[in-house]
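For reference, the structure is listed below as structure tokens.
Just so you know, residue 1 is the first one in the sequence shown, and it goes up from there.
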Amino acid sequence: MSNALTTSPKSLSGASSPGPRVRGASGGDRDGLLHLRQTNGNRVGSSFGGSGGAATGGSALNGPGSFSASLRCTNTIVAMTPNAFVEEISNPPSPMSSERLVEELTDQLNKAIKYKEGAENLLQVLDTKKPKEAKQARNQVEKEYNARNQEISQLMNRIEAITKPREVPGVTRAANKFKGEPIRPASANNGLAISGAPEWDPGSESPTLSLTELLRDLEEVGRRPEYYVDKANSLVALFKRHPNLKYELAWNTFGNRVQNMLLNENKEVVAAGYRIARYAMTDLRSLKTIRALYTDEITIISLVKESRANVEREQALKFVRAFIEIPGGVQEISRGVVRAIVACAEQVDDRLRGVSMETLAEILILNPSLVVSAGGVRVLTQVLSEGPYELSDTISLAFLYLLDLPATRKYIRPGNDLEIVFSVFTDSYSEKSPAPEERLRSNAKVISCMLKSWPGLLVLSMYDLRALKSLVSALSIPSSSVRDIILELFFDIFRIKPPSWSSTFLAGRRLTTYGRVTNLKSESDAPKSPRADDAYQGNLVEHFTALLLAVFFEADLLRSLMALVEDNSDPAIVRKTTLLLGEVLKLASRLLPSTYSARLQLLPELFMSASNFRVPTRFAASAAVYRMDGLNRTLHRSLAATQAPQRVSVDDEKRGQRQVEQAKLKIYMAIDDRHFSGLIVDSGVLNAKSHTKWNWDALNEMIQGPLLNPKRLDEAIKGTKFMKRLMSFYRPFKYKFSDVKNTKPNQRYVRTGCALFYTLLQTPEGVRYLSENKILRQIAECLAQLDRMSGITSPEPLFSTSRLIGTLSCGYFAMLGVLSSDPKGLAMMERWRMFNMFYHISDSLDRPDLLELFVSNMDFTLEGHPRIILSKALTMGLKSVRLFATSHLRGLISTAQSSQTPVDSKTNETAEWAIRLLITQLYDPDVEVCETAVKILEEACNITHSLEYVVKCRPALDHLGEIGAPLLLRFLSTSVGYHYLNELDYINREMDDWFHGRNDSYVLTVEASLARAFADEEPLKKRPGDINTIDRDMMGIVPPHFYRELARTSEGCILLKEKGHFNDFAWFIREHGQEEEDAEVVTKVKGCLWAVGNIGSMPFGAPFLEEADIVESIVKIAEESQVLTLKGTAFFVLGLISRTMQGLEILLEYGWDGTTSTMGESLGFCIPLKLGRLLSVSSVAPWYHTGDETNQINRPSSLSSVIGDDPVDAKILTAIANLNNHILESGSTKELNRLKASHVTHFQSPDLFRRVMTLIESFRYRQHVRRFILDLFEKSVVERVFSEGRADSEVESPDTGILGGLGQ
């Protein structure tokens, strides 16, 4: 939910960007002469909100005020002119360009992997056909498969080469050492950039002396532009090498140097002046000092210039954006500068249009009154509906942020500024043809973004759901494109992911061909073990989705969908509507209370139409009912298939498998000699030596069946060549099995080999035959080839890295894993010294892949060498091996964790052994390994027995800090863990910590989780030690809370009552629940609400609600608070309270109904019986709107106060004022040209220029008009204005900084 619960610009930007936001900087600072990408409505960058996620560095590295790297032209060399500047070619590619390359390579890699999977599937199909028929096709497929394998390998190497940190070679040029390339002069002969920065030694350089020399050089007059640019580049490089140097500047002296550069005739010198200024700014004092040098006026003049001065305009805009990065600096941005940015944003063909809009959006968040008075809101609202479409969703976040608080909500016109995005759909009623699809999709994306936030949903629900009803009614427009996009919008809003067979249904093919429902298991992720804590973890995303369903049901969504189903004009739309209708009804039955969903499931209008034989729509309605019935049956089958792993425990599955195996064994044990001989012949092993001609399905069935009978196995060994030929195929040095390519179809050979080893271990005859066969001796010899102490070497070992990847040689480890599961197999491995060789291999650090293969394939249920080697890998291996082995421990305890029945002693002992190893991993020197161990232990603690055993081991977690906090919280859920933590005095310390501050940080954690969940973003790649990273599975789930864990036990509730924290929270909520001005108090209220909700969600904590009588106050906040995100927090907290039956009964008294399961258990979703009570935004609706720049109050000066006494000046100023009216623009332009021709001296007056600048700040002028006005005055007039200002400033006392003695 973008901005679902955000109350700060940082939270707002995080809602749609996974990267940490650097205000005003979202990309590399490549400050060469940039040829910016022509926008033409295309997004040119995102330094705010959604798409600026590339910002991972910060302004310190990327340069203050930098643009997103997407603004940059793909060509780093620009057109050569005598004074042109280019980026230095020798510099490495920017981070953003590397990211784009990695993204493209990843796309190619994904395609290649899909091609490879297709080839594997085709090979499986060809295996079912006769070899002669499929020989040619198989050769072609294998050729394609090999080509794709090679392509995948090359792409992975390229991606690794780009992403792997590279060694930075020694450089001798200062500019090459930093990411931000300076603007460089071109050489006279070829125009290419030549570094002008002198070679420097960091140890011998004196920063103060270097700064003094550079500023003296910049003072020289009459030099070529290249000289000043080169010195400016060196000065910026000096600031980068010595960041603290800029804090010691004497700004009066330094500012004069900057002003001289800004007044230069050459645009590259002016750009270099802007660049120096923004790198030197540090605090508000420096901002005020540099503004005193008339930089506002200079910036306005620069932004007005034509496109050939883009290098200057770009640096001017970066200079303005640098103000935003300094705390309080946005207050120093003048209204005139903002109007200049607005003019750039209004110009459709301006290259800086996109970044100008995003700059306005940032300023709108930090200082909304400034943007409103400058007319920026009007420009931004146009972006929402008219584009650039790539910016619309980002700009909408700024409006959503303003809507949260009453103090900023007044700048948005109710029912106008946001509802404009619906016009593209509603206007289709009157237009002959609908809007372009790009515009429809862009507006639909903005609407989705708004409806996934509390401010957006509540504001769009004003005026009796007027906006939402208009969207629903737009489904009746006879336009397939409009209907299709609106239906997709509803799929997105309700977070409905259509099943895989939906494309078949939407294409019009019958679903009766869909019979293999079990294939759906592969669609979802691997089934996770059910968490015992799931009943107490509220899904906030689903709770919000339940509210969205209720709101749209009030807006007559179902009626519109049923009407659309009866319309046969477009069968594809009808099928899509039918699918949406079925999914919505299924969602409503699960999320909404019965008071809402019961009457909706009947679809009365549709059935009435289908049963009315007098209306022509009866056939369409009957067909719709038939389609929905078939669709629901398919949905039910798919739901059963995907949920089966969650309902059936691992033990139940194993028990069923054992029963099937026992039944098969009884059947195969009773077969006669003739039948057995027929099975051997059918396998094809005796008829052909080539394994490709064998019937592997029959072979596998026979190995797992009749050969388990000792008599039949003895016959196969002694009576025929069956076992000899089969074992010969698997012997390594026969190079048959070991040379087979490692493909998905060929994995059946590995499975059959493992089954063969397992079968041989079951009978004494098989054990004897396996121990005497050469296969184990040869496998041991292959291991010895890698053991340096064995004395056996080979130029190409069978277990080399390339062979393990490309062939089935890795399958031998799976067969050894079968041996390790049986004591007799372990004895065979010890006989051939395999464990000795594994010990030696584990000591070597050059083959971690062998150790990982060992860990992943061995069976650790028995005491013995495999456990010792795993323990060694956990403590002595490389980091990658330790991390892999630690993750593998999750699987060893998963049986006990997912079991719903008492586990046997063997399984229990293995789980306890794995827990002991995990506790050892808590002391690993690498943080990432510790985090993984904590995560696995936290999952293990969902089972009471495992939790008690972990507590029994008494792990010390103090050294982990915040990383171990979730595990300690898990200990609180049982009495044993409570007493253990109480002995450590952890509970009292943590309780005080949460009471005095952690509650507030918890608010930010929840809001970040919600924001990423509703934005459907992948979580950030977890960095070691980063405790704020949210796992994908936990996004939108209530994070662990100390008070919730404390309330799980009676001892915790007793302590909570003694401390009186719950009563303190309840008092604060009652006293400050209606706060709407102080943001800190609002955050504190949210923290108290989450604490109360988490306590009340526990059975032991529910009585606190009744004793404190706090539910009424929470309901009042949800229905009456003027802070919209605070209303949302109260809504979620009421859902937590409804998780207990006691809380549900209390909510019913206040008009809120909860959702319960078929067994009567509360699901934690509650909705008010009267939605209007929750959706009300203000008691005074609509709120009062503060006017924009058309309001006289927002103008800094009226025309009458500017005109003065001179009649000629009055005519000039009146004509200039009339230029803001497009009707009077032509006449005023002619009048000004006439006045300039007849009164030249007046246009040389500095006083008149100042008054003109006041008019430019007071009125709205388009870009070409602003350029015309400023061109009326000569450059000398501007210089006189600034020189007079400089003379006035020199009267002040001189600075005493490091440049105080420097001459002027």
Side-chain angles (χ1 to χ4, degrees), residues 526-532 648-658 754 757-758 761-762 813-827 829-830 834-835 838 842 851-875 877 881-922 924 929 932-955 967 970:
K528 297 186 178 180
S529 58
R531 297 171 59 97
V648 181
S649 68
V650 176
D651 286 347
D652 293 338
E653 291 180 356
K654 288 185 176 180
R655 188 181 302 110
Q657 291 174 3
R658 286 195 297 268
C754 293
F757 273 48
Y758 175 80
L761 289 172
Q762 303 309 307
F813 287 86
M815 299 176 195
L816 293 179
V818 175
L819 291 179
S820 65
S821 64
D822 191 282
K824 297 183 288 295
L826 288 175
M829 296 177 69
E830 291 180 9
M834 292 186 188
F835 291 118
F838 275 120
S842 63
L851 206 52
E852 291 178 3
L853 273 174
F854 178 88
V855 170
S856 60
N857 288 284
M858 289 297 113
D859 188 290
F860 300 98
T861 56
L862 299 176
E863 288 281 357
H865 293 286
R867 288 192 175 187
I868 299 174
I869 296 175
L870 176 59
S871 302
K872 187 176 181 181
L874 286 167
T875 55
V881 176
R882 301 199 311 273
L883 194 60
F884 180 86
T886 305
S887 301
H888 184 73
L889 293 177
R890 177 186 278 111
L892 298 181
I893 61 176
S894 60
T895 302
Q897 181 180 359
S898 60
S899 175
Q900 296 178 356
T901 59
V903 295
D904 54 23
S905 58
K906 187 176 182 181
T907 304
N908 199 10
E909 190 275 334
T910 303
E912 292 179 355
W913 171 75
I915 289 175
R916 292 196 299 271
L917 291 181
L918 283 171
I919 292 176
T920 305
Q921 294 306 97
L922 296 177
D924 192 276
V929 177
T932 305
V934 169
K935 183 68 176 176
I936 299 173
L937 284 174
E938 187 183 356
E939 295 172 0
C941 288
N942 292 322
I943 303 300
T944 304
H945 174 78
S946 299
L947 173 58
E948 292 176 351
Y949 187 79
V950 173
V951 175
K952 182 181 177 180
C953 295
R954 304 179 70 86
L967 187 57
R970 187 69 69 180

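One distance of note links CG of Asp822 with CG of Leu761; it measures 5.0 Å at 0.5 Å rounding. For the atom pair CG (Leu819) and NZ (Lys824), the distance works out to 11.0 Å, reported to the nearest 0.5 Å. The distance from the CZ atom of Phe884 to the CD atom of Glu852 is 5.0 Å, given to the nearest 0.5 Å. One finds the OG1 atom of Thr920 at 12.0 Å from the CD1 atom of Ile915 (value rounded to the nearest 0.5 Å). Taken from CD1 in Ile893 to CD1 in Ile943, the straight-line distance is 10.0 Å, to the nearest 0.5 Å. We find the CG-OG1 distance between Leu937 and Thr932 to be 11.0 Å, quoted to the nearest 0.5 Å.
Classified by interplanar angle (parallel below 30°, tilted 30° to 60°, perpendicular above 60°), the ring pair Phe838/Phe854 is tilted.
Taking the side chain as every heavy atom from C-beta outward, Thr886 and Leu917 never approach each other to under 4.5 Å. In this structure, Leu883 and Leu874 have side chains that are not in contact, with every pair of non-hydrogen atoms separated by 4.5 Å or more. Using a 4.5 Å cut-off on side-chain heavy atoms (C-beta onward), Leu870 and Leu889 make contact. Within the 4.5 Å cutoff, side-chain heavy atoms of Asn942 are placed close to those of Arg970. Under the 4.5 Å side-chain criterion, counting only non-hydrogen atoms from C-beta, Met815 is not in contact with Asn857.
Remark: side-chain polar atoms of His888 are not paired, donor with acceptor, to backbone N or O of Ser856 under 3.5 angstrom.
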Item checked: salt bridge (Lys or Arg N to Asp or Glu O under 4.0 Å) between Glu948 and Lys952, intermediate numbers included -> CA-CA 6 Å; Glu948 292 176 351; Lys952 182 181 177 180; over 6 Å; no
Item checked: Worked check of side-chain contact (heavy atoms from CB on, under 4.5 Å) between Lys935 and Arg890 -> CA-CA 9 Å; Lys935 183 68 176 176; Arg890 177 186 278 111; 4.0 Å; yes
Next item on the list: Could you walk me through whether Arg882 and Asp924 pass the side-chain contact (heavy atoms from CB on, under 4.5 Å) test, one step at a time?
Entry: CA-CA 9 Å; Arg882 301 199 311 273; Asp924 192 276; 2.7 Å; yes
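Partner Val934 forms a side-chain contact (heavy atoms from CB on, under 4.5 Å) with one of Leu918, Leu922, Val929 and no other, that one being Leu922.
Contact record, Phe860 with Pro866: CE2-O, 3.2 Å, taken as the closest heavy-atom pair. Contact detail for Trp913 and Ser871: the closest heavy-atom pair is CZ2-OG, 4.3 Å. Nearest approach of Thr861 to Arg867, heavy atoms of both residues: O-NH2, 3.4 Å. Scanning both residues, Ser820 and Asp859, for their nearest heavy atoms gives OG-N, 2.9 Å. Here the closest non-hydrogen pair linking Leu947 and Cys941 is CD1-SG, 3.5 Å. Here the shortest heavy-atom pairing between Glu938 and Leu967 reads N-CD1, 3.8 Å.
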